[in-house]
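So the structure is just underneath, and the comments pick up after that.
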Amino acid sequence: MNNLTNIIEAIAFASGDAVQVKFIIEKLGCSLKEVNACIDELKQKYSGDSGIQLLTFNGKIQFATNPAYKQQISSVLQPIKEKEFTRTILECAALIAYKQPVTKGELEEIRQVSCDYAIHTLLDLEMIVPCGRKDAVGKPILYATTDNFLKRFKLNSLEDLPDYDELMAQIAELNSSILEEEDSNYLYHKDEYSEEDDPEFQAKNKRKEKAEKPEPKVTEDGFELPEHLDGDDDIIEIK
């Protein structure tokens with residue numbers, strides 16, 4: 001087909017999301033060999049210093065920005081999802097990738113910490129997805145990774161998963177870059193920042209206040225004394 005490369009380029013651009021290669025073949029009536037040749041041509045076109053790159057993963061194609069320009073892009077578009085990542089969340093995602101399908105309880109047994117927040121965040125970021133329920137007491141939900149996980153770690157498929165230690169090293173590096181970006185954002189906005197705005201600080205403070213709050217005093221009749229009367233020996237009895 002004439003201009004097949006241009007047509008595939010237009011499809012990938014118009015979609016925005018990942019497009020299955022087999023769907024392109026089916027609808028355009030071309031061969032896998034022809035499509036792969038076009039993909040190679042587009043990868044060559046969008047390479048080097050180009051602001052856009054063509055990703056291929058799980059038999060799909062999708063346009064993405066060049067990671068070399070991440071800092072400049074972030075400063076303009078201010079992506080809100082990037083700040084959600086922490087090393088704990090990324091490690092949880094890696095464990096799901098290696099153990100999938102896996103339940104939250106199994107993850108917590110491995111990590112010996114709660115994974116509630118990590119699971120919730122990964123679901124919000126569409127890096128994992130529920131894929132069924134385990135045949136066990138309570139029928140716990142099973143989780144598996146998605147294409148977004150592959151894109152995050154620049155993998156074509158799960159078969160390309162590196163050695164576990166190597167992946168942990170990648171996570172540490174990614175987490176370090178995110179922390180550096182958050183630190184720079186804090187310095188830039190420090191006049192607007194307040195520790196009280198931190199949800200973790202708020203939760204910790206509430207726990208502290210609860211622990212320090214004295215138990216209410218109760219009268220012989222079982223009535224709880226108001227705080228302003230607590231300690232007052234001259235309470236007038238109302239009959």
- Task: Applying side-chain hydrogen bond (donor to acceptor under 3.5 Å, both in side chains), name anything that partners K60, two or more places apart in sequence or on another chain.
- Result: D147
- Item | Exercise: identify the closest heavy-atom pair between L123 and P130 | CD2-CD, 3.7 Å
- Message: Is there a continuous path of hydrophobic side-chain contacts, each under 4.5 Å between heavy atoms, that joins V113 to L107?
- Response: no
- Item | K33 versus N36, side-chain donor and acceptor atoms under 3.5 Å | no
Exercise answer: donor-acceptor pairs, residues 48-56 side-chain atoms, under 3.5 Å, sequence neighbours excluded:
from : atom 1 : to  : atom 2 : distance (Å)
S50  : OG     : I52 : N      : 3.3
S50  : OG     : I52 : O      : 3.0
T56  : OG1    : K43 : NZ     : 3.0

- Query: Side chains of H120 and D124: donor-acceptor distance under 3.5 Å anywhere?
  - Reply: yes
- Determine the minimum heavy-atom distance between Q62 and F57, stating which atoms define it. OE1-CZ, 3.5 Å
- What heavy-atom pair brings V35 and C30 nearest, and what distance separates the two atoms? CG2-SG, 3.5 Å
Distance-only criterion, 3.5 Å: show the donor-acceptor pairs between side-chain atoms of residues 13-21 and protein atoms not counting sequence neighbours.
from : atom 1 : to  : atom 2 : distance (Å)
S15  : OG     : D17 : N      : 3.3
S15  : OG     : D17 : O      : 2.9

- Message: Tell me whether Y69 at atom OH has more than 12 heavy atoms from other residues, nucleotides or ligands lying less than 6.0 Å away.
- Response: yes
- Message: Within the structure provided, determine whether R111 and E91 are in side-chain contact (heavy-atom separation under 4.5 Å).
- Response: yes
- Would you say the side chain of K22 lies within less than 4.5 Å of the side chain of L32, judging by non-hydrogen atoms? no
